[in-house]
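So you know, we letter chains A, B, ... as the sequences are listed, proteins then strands, and number each from 1.
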Amino acid sequence: MEFAVEARGLRMAYGEGRARVEVLKGVDLAVRPGEVFAVMGPSGSGKTTLLNVLGLVTEPTAGRLVLGGQDIYGGRWRPNLQRLRREKLGFIFQFANLIPFLTARENVLLSLDLLGVTGRAAAERADELLQSLGVADRSHLLPEKLSGGERQRVAIARALANDPKLILADEPTASLDAERGLAVMQLLRRLADEHGTAVLVVTHDTRMLGEVTGVIRLVDGTVQADEARPVPLARADGEGGFSP
Amino acid sequence: MNLALRDIRYHRFKFFSSVFGVGLLLMVVLAIGGIIRGVIYDSATIVTETGADLWVVEKDTLGPFVEVSRLPEDYYHAVEVIPGVAEASPLAVGMEHVVRPPRPTPLAKFMYQNAVVGTQTMVEPGWMAVPTEERFVVIGYKPGRLGGPPSLVAGRHIEADDYELVADVKTGFQVGERVRVGYHEYTVVGLTKNMVGFTADPVVYTTLKEAQAILFRPDPDLLRDRRRRAREPFAQADTTAPRLAGRVARTAEAASHDTHVINAIAVRLEPGASADDVAREIARGKRLEVYTGPRQVNIQLMGSNRLLVLQLSLFRVILVVIAGIVIGLIIYTFTLDKVKDIAVLKLLGTPGLRIYGMILQQAVLMGVLGTLLGGALEFAIEPFFPRRVEATYGDVAQMLAAMTVIAALSSLLAVRRAMTVDARSVLGS
């Protein structure tokens with residue numbers, strides 16, 4: 001089965017000469033469609049940089065990144081990262097980061113609009129997503145009128161709208177209480193299964209690990225893995241009662 | 001999906017209050033444009049509305065409304081017979097005033113006080129009292145000939161020498177009102193509109209003879225002095241030549257009273273006649289200066305109101321630039337408020353042009369709406385200006401075009417800021 005995202009020897013360094021700091025030191029990982037991985041690690045371990053590299057907003061200094069079967073930096077020409085982001089990626093943030101001047105429905109429609117999907121097809125897709133996430137009746141409201149949980153559900157709908165290969169979720173439960181946080185994780189799990197979307201969730205919350213396929217533990221810019229797959233898939237390390 | 005309009009919908013109070021501010025500024029810009037046009041119209045109106053093709057004045061003077069020009073009254077007969085001349089009409093032109101009971105409106109009083117505040121230390125105390133003298137331009141013409149009021153808004157035209165006036169409505173005179181001008185009382189029999197001198201003083205029309213009396217009749221003391229001087233060389237005549245003495249006395253009397261002076265001759269040409277050729281012919285061999293209508297307007301405008309027009313024009317340009325800067329800064333602060341949203345949009349893969357287009361559209365919309373509002377406000381306040389203000393729809397259209405460009409340029413600062421927004425800033429923060 002083809003990986004949704006596959007990284008080999010990803011390196012990322014900032015600065016030059018003596019000021020050069022290598023944040024990612026050869027990260028290997030591979031995630032299949034429908035798998036949900038938690039990315040964990042101490043502060044400064046490179047989680048944000050990894051997210052930036054996988055989110056195609058930072059070009060790695062070395063390594064290979066394959067997203068949905070496309071070798072992003074391996075081609076002859078520099079890829080249009082902007083287009084790749086809107087076609088292949090979905091993003092979920094800690095504070096939802098919905099566009100405040102768009103209603104919940106318009107936030108979802110925006111993702112479709114960026115792909116050129118407009119009119120009835122877009123409306124049906126947006127309504128379907130909002131319906132499946134249980135916020136259809138709130139779709140006409142601006143984000144400021146929604147609760148934190150509702151905002152996050154709309155953000156998930158937005159992230160799914162373009163039918164992405166990979167969803168990058170940056171602490172999606174951090175601003176929610178445990179119950180709502182768990183609900184969001186369960187939702188992500190369900191949607192990953194239903195849509196066959198790979199999900200990488202940066203989180204510090206070990207209580208959420210029951211909903212993930214595995215944990216990618218970043219330490220000092222490298223992935224602590226012991227699996228045959230060059231990346232940590234379902235790794236039973238006992239954290240949070242997690243088992244593969 | 002139009003992001004600009006949706007952002008405006010969300011920030012409607014902020015946006016439309018800014019539009020209101022810009023609109024007020026542009027109202028001032030348009031009003032200044034209207035004032036400039038008013039000055040130009042005022043400079044031209046007497047000349048253009050009189051309908052004369054040529055203006056004949058004293059040699060080396062600039063015309064009856066700008067400089068003192070004196071001609072013998074009978075000269076117009078000589079002009080009238082020149083080939084190509086259809087009509088030559090003698091005109092007496094001068095400034096006069098009436099002392100009227102103070103009638104300024106509270107707004108006019110406020111504006112006057114506001115205009116002179118801060119300069120009172122330059123002159124004697126008391127000068128700030130609102131003036132009660134009404135100054136105007138007197139034009140004397142022969143009824144039925146060139147030089148009279150072009151049209152009336154009330155009353156009737158002057159028909160003969162009967163101490164009658166036709167006045168511009170700006171004088172504040174009413175039909176039937178009796179006004180003392182010079183040594184006589186006149187009855188206002190008609191009102192005309194928009195007839196002002198290049199200084200915007202309203203015009204009153206009367207017959208040539210009565211205007212000559214108003215403008216040229218000597219003061220009684222001066223009259224006595226003139227008579228005495230005229231008789232002086234013939235002091236012994238009473239005894240040596242008694243019959244001559246009577247003639248001398250009558251001649252002196254007539255000479256001292258004489259008001260057969262005009263300031264200009266308005267000439268209408270026959271169809272097809274060359275203005276330049278006729279002008280040359282009129283001036284040939286006489287101490288006369290002949291100006292075409294456009295030249296006379298030019299003299300009045302560029303000779304007298306040039307600096308005022310240039311000053312206002314410069315001020316208008318400055319205000320337009322300020323309006324551009326204000327729009328730029330408003331849009332810039334709007335953009336600063338949206339930095340995070342722009343970062344999210346970038347992360348979601350929104351093309352840069354779409355984001356910058358949102359900023360540009362908002363700036364242009366602000367400029368356009370501000371201009372339309374400013375135009376509407378300008379038209380609303382125009383009647384309250386003491387001088388003629390003539391803003392037109394063309395001005396608003398020009399301003400729309402200018403503000404579209406200026407707003408687009410002024411949004412560049414905000415676009416530049418948006419370009420520097422890093423999509424990474426929303427990840428891991």
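With respect to chain A, the highest number of heavy-atom pairs below 4.5 Å among B:Ile8, B:Thr350, B:Asp422, B:Leu347 belongs to B:Leu347. Of the listed residues A:Ala159, A:Pro100, A:Gly55, A:Ser111, the one with more heavy-atom pairs under 4.5 angstrom with chain B than any other is A:Pro100. Counting heavy-atom pairs closer than 4.5 Å to chain A, the top residue among B:Gly349, B:Gly352, B:Ala343 is B:Gly349.
The number of heavy atoms from other shown groups lying within 6.0 Å of CD (A:Glu16) does not exceed 12. Residue-environment remark: CD (B:Gln311) stays at or below the threshold of 12 foreign heavy atoms within 6.0 Å. With a 6.0 Å radius and a threshold of 12 heavy atoms from other residues, nucleotides or ligands, A:Lys165 has its NZ atom at or below the threshold. The number of heavy atoms from other shown groups lying within 6.0 Å of OH (A:Tyr14) is above 12. The environment of CZ in B:Phe20 is sparse: at most 12 heavy-atom neighbours from other residues, nucleotides or ligands sit within 6.0 Å. Under a cut-off of 6.0 angstrom, the local environment of NZ in B:Lys14 is crowded, with over 12 non-hydrogen atoms contributed by other residues, nucleotides or ligands. Residue B:Phe379 qualifies as enclosed at atom CZ: its count of foreign heavy atoms under 6.0 Å is above 12.
The minimum heavy-atom distance between B:Arg9 and A:Phe101, with the atom names listed, is NH2-O, 3.3 Å. The nearest pair of heavy atoms linking B:Met1 to A:Asp113 is N-OD2, 3.5 Å. Closest heavy-atom contact between A:Asn97 and B:Val344: O-CG1, 3.5 Å.
In this structure, chain B has heavy atoms under 4.5 Å from both the backbone and the side chain of A:Thr103. Contact of A:Glu106 with chain B is made through backbone and side chain together, with heavy-atom distances under 4.5 Å. Of the two parts of A:Leu84, neither the backbone nor the side chain holds a non-hydrogen atom closer than 4.5 Å to a non-hydrogen atom of chain B. Using a 4.5 Å cut-off between heavy atoms, A:Leu109 touches chain B through backbone and side chain atoms alike. If you measure heavy-atom distances from B:Leu3 to chain A, the contacts under 4.5 Å come from both the backbone and the side chain.
Side-chain atoms of A:Leu114 and B:Pro351, non-hydrogen and from C-beta on, do get closer than 4.5 Å to each other.
Remark: of the listed residues A:Arg86, A:Arg85, A:Arg158, A:Arg158 is the sole one forming a side chain to side chain contact (heavy atoms under 4.5 Å, CB included) with B:Leu348.
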